[in-house]
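Below is one structure, written out as structure tokens; the observations come after it.
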Amino acid sequence: MDEAVPHLQVRQLTLQNFRNYDDLHLTFPGGVIAIVGSNGQGKTNIVEAIGYLSTLHSHRVASDIPLIRHDHTSAVIAAEVIRGDRALMVDIQLNTGRANQARINKVAVPRTREILGVLTAITFAPEDLAIVRGDPSERRAFLNDIATQQFPRLSGVMADYDRVLKQRNALLKSAGGARRSNLEAVSATLSVWDEQLVEFGTELMCARNELIVNLAPLVASTYAEIAPHSEPLSLSYDDSLSRSEERPVTYDPDAVRKAFFQALDTKRQQELDRGITLVGPHRDELRLTLGRAPVKGYASHGESWSVALALRLGSYDLLARERATPVLILDDVFAELDTRRRRHLAERVADAPQAFITAAVDEDVPVDLVGCWLEVDKAEVTQRDR
Ligand SMILES: Nc1ncnc2c1ncn2[C@@H]1O[C@H](COP(=O)(O)OP(=O)(O)OP(=O)(O)O)[C@@H](O)[C@H]1O
Ligand SMILES: [Mg+2]
């Protein structure tokens, strides 16, 4: 791996009132860490907390509420993160009823999203089947997570875009029923929002296009290695503009901006009728294709798993190449894979500067690679020999 790119490692983790943990302190070495124990003991909860610090959300649930221990109003995840030869402390307090609060080296940051980029991690988990089989929003969320880990400032652009989108939709809704007669008056107000929607949206679409262009060959080659007998996997960007006649020819910002304005113009009446914004990155789709067929609806169960795995490992490679080698998290996945895919994943694990693997039984981890065994029993974590 390129020496110029630093490696990331979680050296310490503290969980307070997080899931089933009351007050947990763990110290991790580099290399492969196996977290084993019976079902429901708290294995995934540990890696979920690490993943949270990298994306600011759980890989399992949409809301933060389930992360806070029963009968408590806040939870804390704190970690010491090593990046190359530097150590950084990062912590976040999850609160019910008020905003979460994050700190870097014990100094509060104005917005939690400012801790993005401190810890980069890639999690592969059973939930990832949804990226392949679920709604487009699952694939957008996948892209957003990689994009914000690679370029943390994009999370601010996403927040701005979402805010403008909400306000624009509210206006469209309240102007609902507006017919061609008073279209002009409504349009004048709308165009103020259009400007901002296009400004933030263009930046997001250009970033997404670049991400997909960079990700596609990495994901395709990983897929070819783990599923050599399958049709080739390809990724392409199906942005909502390309479904209208105003498709941008290139993704240079000027072309996208122009196409975006034109698409809004074309859709004006339809948007007023329906009360929602019909074009923009919130309607994007990441198209996944195996040979000629879309993955969704056509791929077998095993193929879908391979696609999900390839998406995660390709993302790992992209971050490792362009930013810093991420922490690799594999939650309960070896048991699902056949021999070839297990072997491929084990090779990746062997190369990873730090990897966390959870499993109910020892046999479901690449035993020979493990440097540290942690046993979880009713939220008690103990280190043991193999
Ligand atoms: N907010 C919460 N407060 C208290 N306990 C919780 C909370 N959320 C989850 N739990 C408990 O945490 C446990 C699940 O932990 P986790 O998902 O980490 O299990 P696991 O060891 O990964 O199990 P499996 O092998 O089935 O994947 C469950 O017993 C669940 O009831
Ligand atoms: Mg689990």
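Whatever order the structure lists them in is the order used to number ligands and atoms, beginning at 1. Along the sequence shown, the residues carry numbers beginning at 1. Keep in mind the model is a prediction, meaning the values are calculated, not measured. The figures here come from the full heavy-atom set of this structure, side chains too, leaving out hydrogens, waters and symmetry mates.
Ligand 1 has at least one atom lying under 4.0 Å from a heavy atom of Asp332. Not close to ligand 1: His72, with no non-hydrogen atom less than 4.0 angstrom away. Not a single heavy atom of Val376 sits less than 4.0 Å from an atom of ligand 1. In this structure, Gly42 counts as a contact residue of ligand 1, since one of its heavy atoms falls inside 4.0 Å of the ligand.
Looking at Ile33 and Gln354, their side chains come closer than 4.5 Å, going by heavy atoms from C-beta outward.
Note that atom 31 (O) of ligand 1 has no protein non-hydrogen atoms nearby, at separations under 4.0 angstrom.
Under a 4.0 Å criterion applied to the non-hydrogen atoms of Gln41, ligand 1 contributes the atoms 19 (O), 20 (P), 21 (O). Under a 4.0 Å criterion applied to the non-hydrogen atoms of Ile68, ligand 1 contributes the atoms 1 (N), 2 (C).
The distance criterion of under 3.5 Å between nitrogen or oxygen atoms is not met by Gly37 with respect to ligand 1. For Ile65, no nitrogen or oxygen atom sits less than 3.5 Å from a nitrogen or oxygen atom of ligand 1, counting backbone and side chain alike.
Using cut-offs of 30° and 60° for the angle between ring planes, the Tyr161 and His282 rings count as tilted.
A donor-acceptor pair shorter than 3.5 Å can be found between the side chains of Asp331 and Thr44.
Partners of Phe124 by ring pair (Phe, Tyr, Trp, His ring centres under 6.0 Å), not counting sequence neighbours, listed by chain and number: Trp305.
Among Leu116, Thr55, Asn144, Leu318, the one residue that satisfies the side chain to side chain contact (heavy atoms under 4.5 Å, CB included) test with Gln149 is Thr55.
Protein atoms of type N, O or S found under 2.8 Å from the Mg ion (ligand 2) total 1.
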